[in-house]
K.L.:
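Handing you this structure, nothing more for now.
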2 protein chains.
Amino acid sequence: MEAFTSTEKYLAALEARAALPTGFRVSTVSLTFRPVERDVAQPLAMNLSLILLDRETPEFAAVYTANRFPGVPVLLGRERLARDGIRGVLVNNRIANVCAPSGRGDAERLLAALGRETGSPADAFLPASTGIIGWRLPVAEMEAALPGLVRGARGGSFAPVAHAIMTTDRFPKLRSRTVGFGRIVGIAKGAGMIEPRLGTMLCFLCTDVGVGREELRTALAWAADRTLNRISIDGDQSTSDMAMLLSSRAKGPADPEAFREALRQVLAELAEDIVRNGEGTSHVIRVTVSGAPDDEAAAGAGKAVVNSPLVKTAVCGNDPNVGRLASAIGDWAGGAAPWFDAASVTVRLGGVEVLAGGAFRLDTAKEERLSAYLRGAAFDPAARGFPAHDRCVDIEVSLNGGPGTAVVLGSDLSAEYVRENADYRS
Amino acid sequence: MEAFTSTEKYLAALEARAALPTGFRVSTVSLTFRPVERDVAQPLAMNLSLILLDRETPEFAAVYTANRFPGVPVLLGRERLARDGIRGVLVNNRIANVCAPSGRGDAERLLAALGRETGSPADAFLPASTGIIGWRLPVAEMEAALPGLVRGARGGSFAPVAHAIMTTDRFPKLRSRTVGFGRIVGIAKGAGMIEPRLGTMLCFLCTDVGVGREELRTALAWAADRTLNRISIDGDQSTSDMAMLLSSRAKGPADPEAFREALRQVLAELAEDIVRNGEGTSHVIRVTVSGAPDDEAAAGAGKAVVNSPLVKTAVCGNDPNVGRLASAIGDWAGGAAPWFDAASVTVRLGGVEVLAGGAFRLDTAKEERLSAYLRGAAFDPAARGFPAHDRCVDIEVSLNGGPGTAVVLGSDLSAEYVRENADYRS
């Protein structure tokens, strides 16, 4: 278990794992602009970030949101997956470029300018944006910032980009693993749509391990499905969620199984960081489901638990409310699991059996111990900055219906979440 | 539009529609008990209510929760649907009789005693319970209360039962319609699982219109599917949700279409009462979806909107957040609607077009008007007693994909909801 006593110590731990793989440079700049959509007293700030490969690579992969109001970066990025190679990624926060007039033209113009600035084709970069939906990008201001952005690109640490892509994130998120002769380093921001008027989970992974394009894409889809797709803050998948994996091939190949597993570990840690960072989150809930017919069914049961507002509010209140757990599982099974047998289900909270054989296993003393366990996993949902600890509330659900398993992470639901998402008018 | 300025005026309006159909008597008593599961300083109170037909009827219908941890009343009630006739319903609040040891034996013993007391068979009554999950019913205290309960049964008003079945409901819910030579009168409590540690939607409908058993059951399933199944407070379906419809046949038959429509109207009004009564609710959201391939798909889109925590919190904050509406619809379509075309979708809020042709239709002045509209539909989520008004936040979604339509009702998500569901330890 990690516990941090200051933002400085958290950032030092993050910096220690932040070294960029060989063949990558990064850069960030800040700019200000006035949106055309709204009279604002002060200009708004935007961070623009560049992930630049020393040379074009054919080894790149991306997974995108299934949301059917996708942002322009999702639409353009999907098309550019067919290119022979790409040179890097341009990322902005503040405006998501979704449902805005001329959004596609704006993005293409910017990326073409970046191509000229780097001596690359007009379509050699992938776009990524996060922020307000419906507004236009400030293309003139962004284009003016590109020369400085390209000039500033450096190897060394990936951490500046982890900072620059934040919107209302509490802390930057960066994780890494060594594999073969190289490394995988990933950064992320957001968590689905957790934020007031801003939304988007963005995840960028760089590696210098050489992995063929097809295997790279298979590995990313496989690992994302087991990590990023098994977290839930509020059940919403934003218009702009994406995860990208770029390889510079600078350090040669590695064992494919080892690469996949290292990638899964990086993504699992980033996924947990995202949940812990969720606005208004005061507990991270980890549901481990076993005994489902397959892994997908197990994930469905786990998501039903972490998406139940009643389970989420009970955990927030440090209430070991077994009735709400049983009801959430039973509600899911009523729709999705004809094979379900209530009498065969066992539920544990913090390792303690609380439901078995169709009946509660509770007494006053056990409830008090469980409430103390929940209090011990809590943190202040209004706190900013570093995560105070990495404890989770562990819920284990044994369904006794087959070999399928899944681990699903979610957040509790606090009054702070509502305040941050409701008491807000931009 | 109805607006009430006092609890007295609300109750007077409710009483004016409360006359029991011919052939029914009702009764309620209060009792106190000490639960075996918990040391309590004061005994707990429970209301016990009886709906008694003058004679057994074969014309009865019920729909039950699909939750796979169902309560004993659900399990017993489903079995008794096969009986030739029933004499009435025994309802208690405070304890739901779900996942409790010996729960089935307890309920059977009580209902058999009620049978003796009324000169009916041991299995002539349907049970209904709401309240804490996992605890045992206080059978001795409940059995001792039965003689007084039966003696007190009277025709006249259904309102005492609407009061007695409440748990943390803000106000009693009772609606009626005349049809043919008779009436349909219904009462309800709760809303899915909206309440701290208590859950359950219970709905009891009495009519003196003679309707054959098969048609009665078809009509109830049809009407519930279009009303009670199209509301959502928090997406949870409790372990004990049920709706029952009993006919005394005292006033002869009516046109079947007219009966169905009257039943649908009673249930639609009760469903709206339930949402308006939701704990922590400060706006009722009414989503009208058109242009889906079928009604079921339309209902799916509507539920995606009213279940999105981000839409719910935005409405709570009087924020006309079109981005969250678009994202919720797009997220639903990504999973459920391959036929979906974002460019064909039109969204209106309070009758005002806010999204069309894949782009926002907003400016600062329009947003301010919409925010004022949302403020006008708000009420105090912490207020107790009567509903201050019956206004809704109207969201219309035109999908342009077919003839399917649906109206879905939901609540917003306020900090008060979280307080009532989290800051609670029984």
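The figures here come from the full heavy-atom set of this structure, side chains too, leaving out hydrogens, waters and symmetry mates. By convention in this document, chain letters (A, B, ...) are assigned in the order of the sequence lines, proteins followed by strands, and residues within each chain are numbered from 1. Not measured: the values here are computed from a predicted model.
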K.L.:
Measuring from atom CG of B/Leu325 to atom SG of A/Cys99, what distance do you get when rounded to the nearest 0.5 angstrom?
P.N.:
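Here the rounded value is 11.0 Å.
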K.L.:
Identify which of A/Ala326, A/Gly103, A/Gly357 forms the greatest number of heavy-atom pairs closer than 4.5 Å to chain B.
P.N.:
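Among A/Ala326, A/Gly103, A/Gly357, the one with the most close pairs to chain B is A/Ala326.
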K.L.:
Check A/Ser327 against B/Asn67 and note the closest heavy-atom contact, atom names and distance.
P.N.:
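Looking at all heavy atoms of both residues, the shortest contact is O-ND2, 2.8 Å.
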K.L.:
What residues, two or more places apart in sequence or in another chain, satisfy side chain to side chain contact (heavy atoms under 4.5 Å, CB included) together with B/Ala337?
P.N.:
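Applying side chain to side chain contact (heavy atoms under 4.5 Å, CB included) to B/Ala337 gives B/Trp332, B/Ala333, B/Trp339, B/Phe340.
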K.L.:
Between B/Val345 and chain A, with a heavy-atom cut-off of 4.5 Å, which part of the residue counts as in contact: side chain, backbone, both or neither?
P.N.:
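B/Val345 touches chain A through side-chain heavy atoms alone.
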K.L.:
Restricting to non-hydrogen atoms, name the atom on A/Val418 and the atom on B/Ala415 that form the minimum distance, rounded to 0.1 Å.
P.N.:
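Scanning both residues, the minimum pair turns out to be CG1-N, 3.2 Å.
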K.L.:
Roughly how far apart are A/Asp331 CG and B/Arg68 CZ, rounded to 0.5 Å?
P.N.:
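Atom-to-atom, A/Asp331:CG and B/Arg68:CZ are 12.0 Å apart.
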K.L.:
Using side chain to side chain contact (heavy atoms under 4.5 Å, CB included) as the criterion, list what pairs up with A/Tyr373, not counting sequence neighbours.
P.N.:
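Here the qualifying residues are A/Leu349, A/Val393, A/Asp394.
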K.L.:
Roughly how far, to the nearest 0.5 Å, is CG of B/Asn321 from CD1 of A/Ile132?
P.N.:
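Interatomic distance, A/Ile132 CD1 to B/Asn321 CG, rounded to 0.5 Å: 9.5 Å.
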K.L.:
Tell me the closest heavy-atom pair linking B/Pro309 and A/Tyr417, and the distance in Å.
P.N.:
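Here B/Pro309 and A/Tyr417 meet closest at CB-OH, 3.5 Å.
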K.L.:
Give the member of B/Pro338, B/Ala100, B/Pro70, B/Gly335 that has the highest number of heavy-atom pairs under 4.5 Å with chain A.
P.N.:
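If we count pairs closer than 4.5 Å to chain A, B/Pro338 comes out on top.
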K.L.:
Could you report the tightest heavy-atom contact between A/Asp39 and B/Thr364, atom names first, then the distance?
P.N.:
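Heavy-atom minimum between the residues: N-OG1, 4.5 Å.
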K.L.:
Does CD belonging to A/Glu296 count more than 12 external heavy atoms closer than 6.0 Å?
P.N.:
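Not more than 12 within 6.0 Å, no.
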K.L.:
Out of B/Pro101, B/Ala314, B/Ser414, return the one with the most heavy atom pairs under 4.5 angstrom to chain A.
P.N.:
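Top option by heavy-atom pairs under 4.5 Å: B/Ser414.
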